[in-house]
Amino acid sequence: MAYPHSEIEKKWQQYWERNQTFRTPDDVDPARPKFYVLDMFPYPSGHGLHVGHPSGYTATDIVARYKRMKGFNVLHPMGYDSFGLPAQQYAVEHGIHPRVTTERNIANIERQIKMLGFSYDWARRIATTDPEYYRWTQWIFLQMFNSWFDPGARKARPIATLEEKLRAQGLAGEELRRAVDGCRLAYMAEVPVNWCPALGTVLANEEVTNEGRSDRGNHPVYRRALKQWMLRITAYADRLVEDLKLVDWPDSIKLMQRNWIGKSEGAEVLFPVAGADSAIRVYTTRPDTLYGATYMVLAPEHPLVGQITTPERRAEVAAYVNAAARKSEVERMTEGKEKTGVFSGALAVNPVNGQKIPVWVADYVMMGYGTGAIMAVPAHDTRDFEFAQKFGLPVVQVVQPPAGEDWRGFVGDGIAVNSGAYDGLPTAEFKKRITADLEAKGLGRYAVNYKLRDWIFSRQWYWGEPFPIVHCSSCGPVGLPEDQLPLRLPELDDFTPETTSDPDAPPRPPLGRVKAWADTTCPACGGPATRELNAMPQWAGSCWYYLRFLDPRNASRFVDPEREKYWMSPHGVDLYVGGAEHAVLHLLYARFWHKVLHDLGHVSGPEPFGRLFNQGMIRSFAYRDRRGVCISYDKVDLSGDRPRHVDTGEELAESVEKMSKSLKNVVTPDGIVQEYGADSLRLYEMFIGPLEGSKPWNTRDVPGVHRFLNRVWRMVLGDEEGALPLLAEQAPEEIERELHRLIKRTGEYIESMKFNTAVAAMMEFVNAVYRVGSVRRDQAERFVLVLAPFAPHLAEELWNRLGHPDSLAREPWPAWSAEHLQEETLEIPVQVNGRVRGRIHVPVAAGEEDVLAAALACPEAAPFLAGKTVRKRIYIPGRMVNLVVAG
RNA sequence: GCCCGGGUGGCGAAAUGGCAGACGCAAGGGACUUAAAAUCCCUUAACCGAAAGGUUGUGCGGGUUCGACUCCCGCCCCGGGCACCA
């Protein structure tokens with residue numbers, strides 16, 4: 001008989017809700033330590049959860065429950081990242097308001113989450129689409145709009161401090177306003193974007209497929225310059241790199257962030273254009289190769305292209321520039337790495353040796369990085385080398401590689417050659433010397449560059465936070481006063497953006513259609529003004545939600561400073577768990593916002609997430625027939641040794657893949673909870689393998705953990721069919737020892753996030769009880785407490801039936817002692833030349849000499865010792881004896 | 001191309017310098033049962049052997065060590081990230 005999981009799970013979920021068991025009070029007992037354990041909150045997709053989502057949630061729930069039992073004040077909240085393109089598109093396609101679908105999706109996903117019995121404090125639930133939430137997202141945006149990055153202080157400061165400073169320098173009126181607007185952390189600029197005319201919006205890079213089409217709907221996407229809201233994240237590039245050393249994150253994630261920011265050091269060098277009064281400024285990380293520069297390249301968008309191109313080359317250059325501008329991502333991909341370019345006709349002068357070198361225009365140089373122009377050193381740069389080969393440009397060696405390596409295409413460090421007075425210098429020293437020399441002559445200077453770009457922060461859609469900004473013809477962009485927040489999304493019957501197939505048509509965001517909303521007055525001068533019609537991107541709400549959880553209903557501040565200080569000191573969120581797909585963007589954006597808020601004095605620390613843990617992806621089996629068509633599970637017969645089609649008997653190919661609708665391999669928690677219960681699902685999620693690893697879901701393995709829970713049930717209560725519980729007055733000493741071992745190991749496993757071995761340890765304990773046939777009541781109780789974080793419903797029920805009327809959620813975690821772990825004798829394997837040949841039993845207290853003597857006398861090892869000389873005797877206390885023999 | 005992970009029984013895995021395969025699934029056998037399910041017990045890396053036992057074995061090839069899944073060097077395969085970043 002299986003234990004009645006449905007009944008008891010329902011019962012305890014109701015009990016927890018009725019008794020507010022997991023409510024974290026607003027004023028917690030300050031004598032206890034705090035622990036903030038957070039999941040990356042989900043986007044409420046219409047498909048609901050699959051079994052991959054609860055793996056992280058289960059892990060954090062185990063930690064939360066364990067920490068409560070260890071006496072911590074635990075904060076464990078959940079909410080929804082509910083703005084975004086899928087809801088917008090669904091609304092457009094089905095004519096349903098996105099608020100309606102969002103609410104419906106949240107209701108479904110919350111039902112699924114609650115079904116699993118997680119100990120969230122539901123009173124703190126938030127949704128980023130709630131006006132009382134996005135009011136503060138808008139408020140934080142205004143903080144950025146109203147501040148600038150002071151490079152001297154290396155931090156954000158109120159914009160008034162900049163105004164003061166510039167006014168003192170004599171700026172005023174329109175000129176002052178432009179200067180100030182140009183320094184805000186949130187500013188407007190014309191930038192190249194991914195424009196999707198069919199969706200009527202700009203898309204983020206990750207919303208664009210490798211084929212250059214929209215992820216959603218598969219529409220063409222074009223590169224195009226549009227005026228957009230930008231956030232000045234590049235000002236924080238250095239601090240975002242440096243402060244990675246403050247956090248306990250996986251090295252791989254830190255590395256990805258470092259690579260994404262892509263800091264490099266080098267020099268900017270001026271190359272005068274021969275016969276003109278302009279000069280080309282280039283950025284190079286290898287100023288030591290200056291003598292090897294044999295040509296230069298400007299990006300097609302570079303402003304000097306038009307000025308320096310000679311009349312006879314004008315037509316060809318113009319044609320190339322136009323073609324490059326029109327090039328979509330698709331063409332760029334398909335053309336691969338084949339280099340193209342045209343000669344501008346102009347010559348530049350190499351400042352170190354006066355040589356005249358040709359200036360080319362080529363799209364392998366990007367306008368968005370460095371200065372948009374390079375000096376090409378084909379001998380020591382792979383790309384320049386390819387280009388020089390193709391166009392027959394000279395290749396001059398200036399670095400001597402280590403012996404045995406070809407200098408052509410050598411990009412490493414070496415010794416300078418053909419470099420005038422610098423010959424013989426090693427690369428690193430050469431860089432320093434020449435940078436200083438260039439600086440002294442006014443030809444260049446030390447420079448730092450980043451791959452990181454400022455963050456394009458606007459979208460031309462309906463379903464996002466409206467910007468708290470109005471555009472005034474006399475004052476420019478003006479922030480709304482705080483008392484006008486939240487600026488609510490206007491009601492709209494038709495939120496379809498005006499779409500077109502013309503890539504050059506201007507964007508017409510749906511908010512523009514609500515005239516009554518868009519037309520307003522300027523808060524600064526009272527004149528007529530228009531509201532900003534763009535909305536914020538999906539990332540906005542998730543940049544600060546972890547702060548709102550601390551004080552979710554505060555109507556006068558985004559978070560109370562005292563509460564922020566309590567929960568976020570000293571290292572921010574104590575454990576943050578989520579998928580590695582957010583390694584860069586979400587985690588980088590949130591760190592950026594946190595630093596801005598920190599600079600402006602709104603939060604106490606520099607980093608939001610002290611410890612980060614990435615759960616691995618759960619994938620599942622997919623089946624395909626001969627034609628490659630995916631077959632859903634109800635049509636797959638797994639009873640034989642090969643998977644076959646139920647109807648046709650055709651043998652199917654099996655593979656393990658990411659769950660997706662198109663592969664027909666999505667497994668949802670619902671059916672599993674119904675059949676085996678939430679506790680079984682939770683346990684299998686953990687038992688399947690290490691949390692951080694990628695692993696295949698196999699529903700056929702769920703009965704294994706379900707059987708274990710049944711064994712626990714019968715161990716304590718017996719069953720209706722007459723099986724007696726194993727509870728007894730006395731149990732062998734071995735059980736107490738096993739229990740102490742279990743308590744110790746489980747605590748350590750939870751702290752180190754090794755939940756799979758924790759489950760195995762509990763199974764071992766129960767197996768031991770079945771083997772000896774008895775367990776004392778007090779031992780069963782302690783076991784139930786250890787099981788509780790993993791299988792809380794079953795544990796509560798057993799705890800209750802063992803005579804405790806209240807929930808075990810805040811029972812102290814049971815104690816273990818070293819004394820109880822001690823066995824009287826040890827079994828020590830005896831190796832001869834590294835191979836196990838026998839075993840000896842020795843008293844725990846036995847000294848090295850006694851153990852070695854026993855090992856030498858070990859009968860099983862004797863034949864391998866006979867007639868040989870023991871050269872070396874190794875004893876690893878309590879573990880192993882190795883006898884090294886020869887002869 | 002570059003940068004990270006990873007490769008252990010039929011399967012998910014454990015062991016991070018000290019008994020390889022804990023724990024679980026699947027498979028086989030037994031007990032209970034009129035029978036089945038459920039449950040309980042046993043076997044289960046491969047090869048040789050009737051058994052006792054032996055040999056081999058952690059992707060491949062070398063090395064360090066008394067001892068290597070674990071550390072070092074070279075290679076192969078799989079997964080992920082970045083991708084003309086000057």
Side-chain angles (χ1 to χ4, degrees), chain A residues 1-2 250-256 258-260 262-264 266 282-286 289 297 299 332-333 336-339 362-366 368-377 380-384 386-387 411 449-453 580-581 583-584 616-617 619 638 641 656 658 683-684 687-690 692-698 700-705 707-708 710-711 714 719 721 723 754 756-764 766-767 770-771 827-839 860 863 871-885:
Chain A
M1 247 326 262
D251 286 338
S252 60
I253 301 291
K254 289 189 181 185
L255 195 67
M256 280 164 76
R258 266 190 213 102
N259 290 342
W260 187 264
K263 180 177 180 170
S264 72
V282 302
Y283 171 72
T284 177
T285 55
R286 292 296 299 270
T289 61
V297 183
R332 223 174 263 182
M333 289 305 289
K337 301 205 187 302
E338 186 64 23
K339 300 255 179 316
D363 70 356
Y364 82 91
V365 173
M366 311 286 134
Y369 183 79
T371 60
I374 61 157
M375 63 171 202
V377 184
H380 306 296
D381 181 281
T382 315
R383 296 148 303 177
D384 297 344
E386 280 172 22
F387 192 83
V411 298
N449 248 298
Y450 303 92
K451 279 169 33 176
L452 184 69
R453 310 282 73 188
E581 66 273 21
V584 177
M617 193 190 296
R619 301 189 294 168
L638 291 168
D641 53 345
V656 174
K658 191 169 167 172
L683 222 53
Y684 180 63
F687 189 58
I688 185 171
E692 67 276 19
S694 153
K695 55 244 160 191
W697 183 270
N698 195 347
R700 288 212 288 182
D701 288 346
V702 176
V705 292
R707 253 195 293 268
F708 162 69
N710 274 314
R711 279 161 70 83
R714 286 194 308 272
D719 68 18
E721 285 159 17
K754 290 162 87 172
N756 53 330
T757 48
V759 176
M762 289 186 263
M763 288 173 167
E764 284 181 57
V766 173
N767 288 348
Y770 271 73
R771 194 170 56 241
E827 188 184 77
I828 307 280
V830 177
Q831 293 184 341
V832 179
N833 287 350
R835 312 266 327 217
V836 178
R837 298 298 182 181
R839 286 152 205 291
E860 295 95 336
R871 305 243 179 221
K872 202 164 176 182
R873 309 180 305 171
I874 294 144
Y875 176 52
I876 308 300
R879 304 283 297 175
M880 158 81 51
V881 168
N882 191 9
L883 302 172
V884 183
V885 302

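Below, each value reflects all heavy atoms present in this structure, side chains not excepted, and no hydrogens, waters or symmetry copies. Order of the sequence lines sets the chain letters (A, B, ...), proteins ahead of strands, with each chain counted from 1.
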Selected nucleotide, minimal atom distance to A:Asp701 side chain, candidates B:rG24, B:rA13, B:rA86: B:rG24

Side chain of A:Arg835 (C-beta onward), nearest among B:rA15, B:rA86, B:rU56: B:rU56

B:rA27 - base-pair partner by Watson-Crick or wobble geometry, distances under 3.5 Å: B:rU43

Sugar-phosphate only, base, or nothing, as touched by A:Lys695 at under 4.0 Å among non-hydrogen atoms: sugar-phosphate

Rounded distance in Å between the P positions of B:rA45 and B:rG24: 15 Å

B:rU64: pairing nucleotide in any strand, Watson-Crick or G-U under 3.5 angstrom: none

Give each protein N/O atom lying under 3.5 Å from an N/O atom of nucleotides 17-23 of chain B, with the pair distance.
from, atom 1, to, atom 2, distance (Å)
B:rC19, O2, A:Arg839, NH1, 2.6
B:rC19, O2, A:Arg839, NH2, 2.6
B:rC19, N3, A:Arg839, NH1, 3.1
B:rA22, O2', A:Glu764, OE2, 3.4

Side-chain N,O (A:Tyr283) to OP1/OP2 (B:rA86) below 4.0 Å: no

Syn/anti state for B:rG28 [syn: chi within 90° of 0]: anti

Which residue lies more 5' along RNA chain B, comparing A:Lys754 with A:Gly704 via nearest heavy atoms: A:Lys754

Minimum-distance nucleotide to A:Pro690 side chain [options: B:rC3, B:rA13, B:rG79]: B:rA13

Watson-Crick or G-U wobble mate for B:rU16, both contacts under 3.5 Å: none

Candidate nucleotides B:rC82, B:rA13, B:rC40, ranked by approach to the side chain of A:Arg711 - the nearest: B:rC40

Point-to-point distance, once rounded to the nearest 0.5 Å, from OH of A:Tyr364 to CD1 of A:Ile374: 4.0 Å

Derivation and outcome, side-chain contact (heavy atoms from CB on, under 4.5 Å), residues A:Met762 and A:Val766: CA-CA 6 Å; A:Met762 289 186 263; A:Val766 173; 5.7 Å; no

C1' spacing across the pair B:rA36 / B:rA46, given as an integer number of angstrom: 36 Å

Nearest to side-chain heavy atoms of A:Pro696, which nucleotide of B:rC3, B:rG12, B:rG54: B:rG12

A:Trp260, nearest nucleotide to its side chain (from B:rA15, B:rC82, B:rC40): B:rC82

For atom CG of A:Asn833 and atom P of B:rU65, their distance in whole Å: 15 Å

N/O (side chain, A:Arg707) to phosphate O (OP1/OP2, B:rA26) under 4.0 Å: yes

